[in-house]
**Student:** 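Okay, here's the structure, questions in a sec.
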Amino acid sequence: MSKRASDFRYNTGETQVPWAAVGEDYNAHDVMEVIKFMMQGSGDAYENALDAVRTQIFNLDKLSSPPGKLSLGSRVEQAEADVDSYLGTSGALFVTNATAGFEIAYKYANLGPGDEVIVPAITFIATIAYPLAVGAKLVFADLDPRTLNMDPADVARKITPRTKMIVPVHLGGYPVDMDPIMELAKAHDLVVLEDGAHAFGAKYKGRRIGTIGHFTGFSLHEVKNCTSFGEGGILTTTVEEFRPYLKEARFFGADFTRKIPNWIYDVVAMPGKYGPFAAGNASTTEIQAVGLSQQVARYDRILAERRSVAEYVTGRLSSCSAILPQDMGGYEDVEPSFHLYQLQIDPDKAGGDIQALKTKLEEKGVTQIPHFGPLYDFDILRTFGYDGKAIAATCPVCEEVFNHRFTHLPLYPLSKAQVDYMCDAILASVEELQQGK
């Protein structure tokens, strides 16, 4: 869309007194600091190479001009198009982080005090931050003992007339069994928000995560499979009537296709499921978008490498009957993203529970941790009036697997020697437990 010279957001066209879109341009010195941060090193050879780069950067500076926009520009639009192409979605929204995407979905559902949201017993606090903030009631669903995801049968038991949303979390990138979840949502007219923070690129029955639930939020945080220079998120929706409003929902509802008198835009309310809501600010930068596009372009290779390592580890660990290694696909046509590798044991066969195994692995230098804990054990839930012990009694599988059966292992980027050492350490540690050592 063309911009007039008088439009203060862009310094374009002929004007005698411009108003720059960027308050202070970054220069060659700044670029060098970014290069030094992104490509760290030490020693004479490194410093010599850095000096050579510095010379070229300063030469380039004399021939170039700075970008005219640093946020929500053409690179953000391109990154969103790249994500749509990869996921098979339409209108993907690039936001500051997954939590900001979740908030838009919660607002669409007009979530408020007294409304109930069914969430899995184990997830990250970001999943439930908005419901807590607005006074909604969290209802914790127990876990499927094999996948550690939300158990659809327990979800069905915990739906009440006050239930407004179901929030399945694809823990470790392993897809939740979504068909029964969507059937429940349709039967009870509920909004489904998929927490796909770990699941970018995962598939369920031939469909990419992001194309099933009413909304899906992905994380691009620095530890995820796909990142955008440290932080970021993607929100997708299958709600056709809301999709045209996604871009406006990112930035206060500002509508630049409309104007109020004597001004250059209008601000509109977002249409929620039961009434309008006010949008917030989740603007993303052009630099983040450049990083995202680059990673999406090579994401098939990233997924293939993660799957390859997971398959190898499963093959190695399957030799021990006390170990329940990561399932490659627990039901028809499931393709995890393998963000984390799920390791379970049978305590009776292993000669001890997961806590004993974790201690041995720590002693051997193998990093592992059950990535999230039961939410109902955190102080914030007690502060908000939740009875952790009473909730735990309704989630017996969660209590059992978390305390006695499972942990998560890293997958990427590990060398073959590191993967072999990890497998050897796990097998040796189980053998030690079985021998009472």
Side-chain angles (χ1 to χ4, degrees), residues 121-124 143-149 169-175 198-199 202 222-225 301-331 334-374 377 396-437:
I122 290 181
T123 182
F124 184 48
L143 310 180
D144 179 307
R146 191 66 186 95
T147 67
L148 305 187
N149 283 327
V169 179
H170 306 294
L171 188 65
Y174 196 101
H198 294 175
E222 62 185 0
V223 302
K224 300 303 190 296
N225 293 14
R301 175 182 61 77
I302 294 171
L303 276 188
E305 290 185 20
R306 286 179 173 273
R307 169 174 278 278
S308 177
V309 175
E311 288 175 342
Y312 178 78
V313 173
T314 288
R316 287 287 312 275
L317 300 184
S318 295
S319 63
C320 177
S321 63
I323 297 176
L324 286 70
Q326 173 76 65
D327 198 331
M328 294 297 105
Y331 33 85
V334 169
E335 298 181 31
S337 67
F338 297 106
H339 174 59
L340 302 167
Y341 186 92
Q342 182 199 122
L343 173 68
Q344 282 203 60
I345 62 170
D346 181 330
D348 293 332
K349 293 181 179 180
D353 68 11
I354 197 66
Q355 305 306 324
L357 180 60
K358 286 166 58 179
T359 298
K360 287 187 173 294
L361 293 178
E362 288 167 5
E363 292 170 351
K364 292 178 173 64
V366 175
T367 302
Q368 42 68 46
I369 187 173
H371 207 61
F372 303 124
D377 282 342
V397 175
C398 175
E399 287 293 295
E400 169 66 15
V401 295
F402 179 76
N403 291 304
H404 304 293
R405 291 182 178 269
F406 99 97
T407 190
H408 281 126
L409 304 172
L411 283 173
Y412 178 96
L414 299 176
S415 68
K416 177 65 163 52
Q418 288 172 321
V419 174
D420 278 329
Y421 179 86
M422 180 172 68
C423 293
D424 291 341
I426 293 168
L427 292 169
S429 295
V430 171
E431 185 175 354
E432 290 169 10
L433 287 175
Q434 290 172 329
Q435 295 174 354
K437 295 181 179 179

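Residues: numbered from 1 along the sequence shown.
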**Student:** Any side-chain heavy-atom pair from Leu303 and Ser337 closer than 4.5 angstrom?
**Tutor:**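 They are in contact (side-chain heavy atoms under 4.5 Å apart), so the answer is yes.
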**Student:** Would you name the heavy atoms of Leu433 and Ala350 that are closest together and state the gap between them?
**Tutor:**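 So the two residues come closest at CB-O, 3.1 Å.
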**Student:** With no hydrogens and no angle check, is any side-chain donor or acceptor of Thr314 less than 3.5 Å from a backbone partner on Pro325?
**Tutor:**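 Between the backbone of Pro325 and the side chain of Thr314 there is no qualifying donor-acceptor contact (under 3.5 Å).
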**Student:** Val397: which residues meet the side chain to side chain contact (heavy atoms under 4.5 Å, CB included) condition with it, sequence neighbours left out?
**Tutor:**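 Only Asp142, Leu143, Pro145, Val401 meet the side chain to side chain contact (heavy atoms under 4.5 Å, CB included) criterion with Val397.
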**Student:** The criterion is side chain to side chain contact (heavy atoms under 4.5 Å, CB included); which residues satisfy it with Thr359, sequence neighbours excluded?
**Tutor:**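 With neighbours one apart ignored, the set is Glu363.
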**Student:** Test Ile426 against Val313 for side-chain contact (heavy atoms from CB on, under 4.5 Å), laying out the working first.
**Tutor:** CA-CA 10 Å; Ile426 293 168; Val313 173; 5.6 Å; no
**Student:** Restricting to non-hydrogen atoms, name the atom on Gly173 and the atom on Ala202 that form the minimum distance, rounded to 0.1 Å.
**Tutor:**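 Minimum heavy-atom separation between Gly173 and Ala202: O-CB, 3.8 Å.
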**Student:** How about Lys437 and Glu431: do any of their side-chain heavy atoms sit closer than 4.5 Å?
**Tutor:**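 Contact flag for Lys437/Glu431 side chains = no.
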**Student:** Is the shortest heavy-atom distance from the side chain of Ile323 to the side chain of Val430 under 4.5 Å?
**Tutor:**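 In short, these two side chains touch, coming nearer than 4.5 Å.
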**Student:** From Tyr174 OH over to Leu340 CG, what is the distance, rounded to the nearest 0.5 angstrom?
**Tutor:**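 Separation between the atoms: 14.0 Å.
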**Student:** Does the side chain of Glu335 come within less than 4.5 Å of Pro175's, by heavy atoms?
**Tutor:**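 No, every pair of side-chain atoms sits at 4.5 Å or beyond.
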**Student:** Could you grab the distance from atom CD of Glu362 to atom OG of Ser429, nearest 0.5 Å is fine?
**Tutor:**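 Taking CD in Glu362 and OG in Ser429, the distance rounds to 10.5 Å.
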**Student:** At what distance, to the nearest 0.5 angstrom, does CD of Glu305 lie from CG of Leu414?
**Tutor:**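 Interatomic distance, Glu305 CD to Leu414 CG, rounded to 0.5 Å: 11.0 Å.
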**Student:** Do you know which two heavy atoms are closest between Pro370 and Thr407, and how far apart they sit?
**Tutor:**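 Closest approach of Pro370 to Thr407, heavy atoms only: N-OG1, 3.3 Å.
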**Student:** What are the two closest non-hydrogen atoms of Phe402 and Gly373, and how far apart are they?
**Tutor:**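 Minimum heavy-atom contact is CE1-CA, 3.7 Å.
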**Student:** Kindly state each residue pair satisfying ring-ring contact (aromatic ring centres under 6.0 Å, His included) with at least one member in residues 334-364, sequence neighbours excluded.
**Tutor:**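 Output for this query lists His198-His339.
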**Student:** If I take atom NZ from residue Lys224 and atom CD from residue Glu222, how far apart are they, to the nearest 0.5 angstrom?
**Tutor:**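 These two atoms lie 9.0 Å from each other.
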**Student:** Tell me the ring-ring contact (aromatic ring centres under 6.0 Å, His included) pairs involving residues 407-429, sequence neighbours left out?
**Tutor:**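 For residues 407-429, and leaving out neighbouring residues, the ring-ring contact (aromatic ring centres under 6.0 Å, His included) pairs sorted by first residue read Phe406-His408.
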**Student:** What's the shortest heavy-atom distance between Lys364 and Ala425, and which atoms?
**Tutor:**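 That closest heavy-atom pairing would be CD-CB, 3.8 Å.
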**Student:** Side-chain contact, heavy-atom cut-off 4.5 Å: Gln342 with Leu171?
**Tutor:**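 Of all side-chain heavy-atom pairs linking Leu171 with Gln342, none is under 4.5 Å.
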**Student:** Side chains of Val334 and Thr147: closer than 4.5 Å at any heavy-atom pair?
**Tutor:**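 A side-chain contact is absent here, since even the closest heavy-atom pair is not under 4.5 Å.
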**Student:** Can you list every pair that meets salt bridge (charged side-chain N to carboxylate O under 4.0 Å, His left out) and has a residue in residues 345-359, with sequence neighbours left out?
**Tutor:**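 For residues 345-359: none.
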**Student:** Kindly give the heavy-atom pair with the smallest separation between Ile345 and Gly352, and that separation in Å.
**Tutor:**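 So the minimum-distance heavy-atom pair works out to CD1-O, 3.6 Å.
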**Student:** So do Ile122 and Leu148 actually touch side chain to side chain, heavy atoms under 4.5 Å?
**Tutor:**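 Contact flag for Leu148/Ile122 side chains = no.
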**Student:** Working to the nearest 0.5 Å, report the span between CE of Met422 and CG of Leu409.
**Tutor:**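 Spacing of CE (Met422) from CG (Leu409) equals 5.0 Å.
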**Student:** I'd like to check Ile354 versus Arg405 (side-chain heavy atoms, cut-off strictly below 4.5 Å). Are they in contact?
**Tutor:**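 A side-chain contact is absent here, since even the closest heavy-atom pair is not under 4.5 Å.
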**Student:** Mind checking side chain to side chain contact (heavy atoms under 4.5 Å, CB included) for Asp424 and listing every partner two or more places apart, or none if nothing turns up?
**Tutor:**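 Expected list: Arg316.
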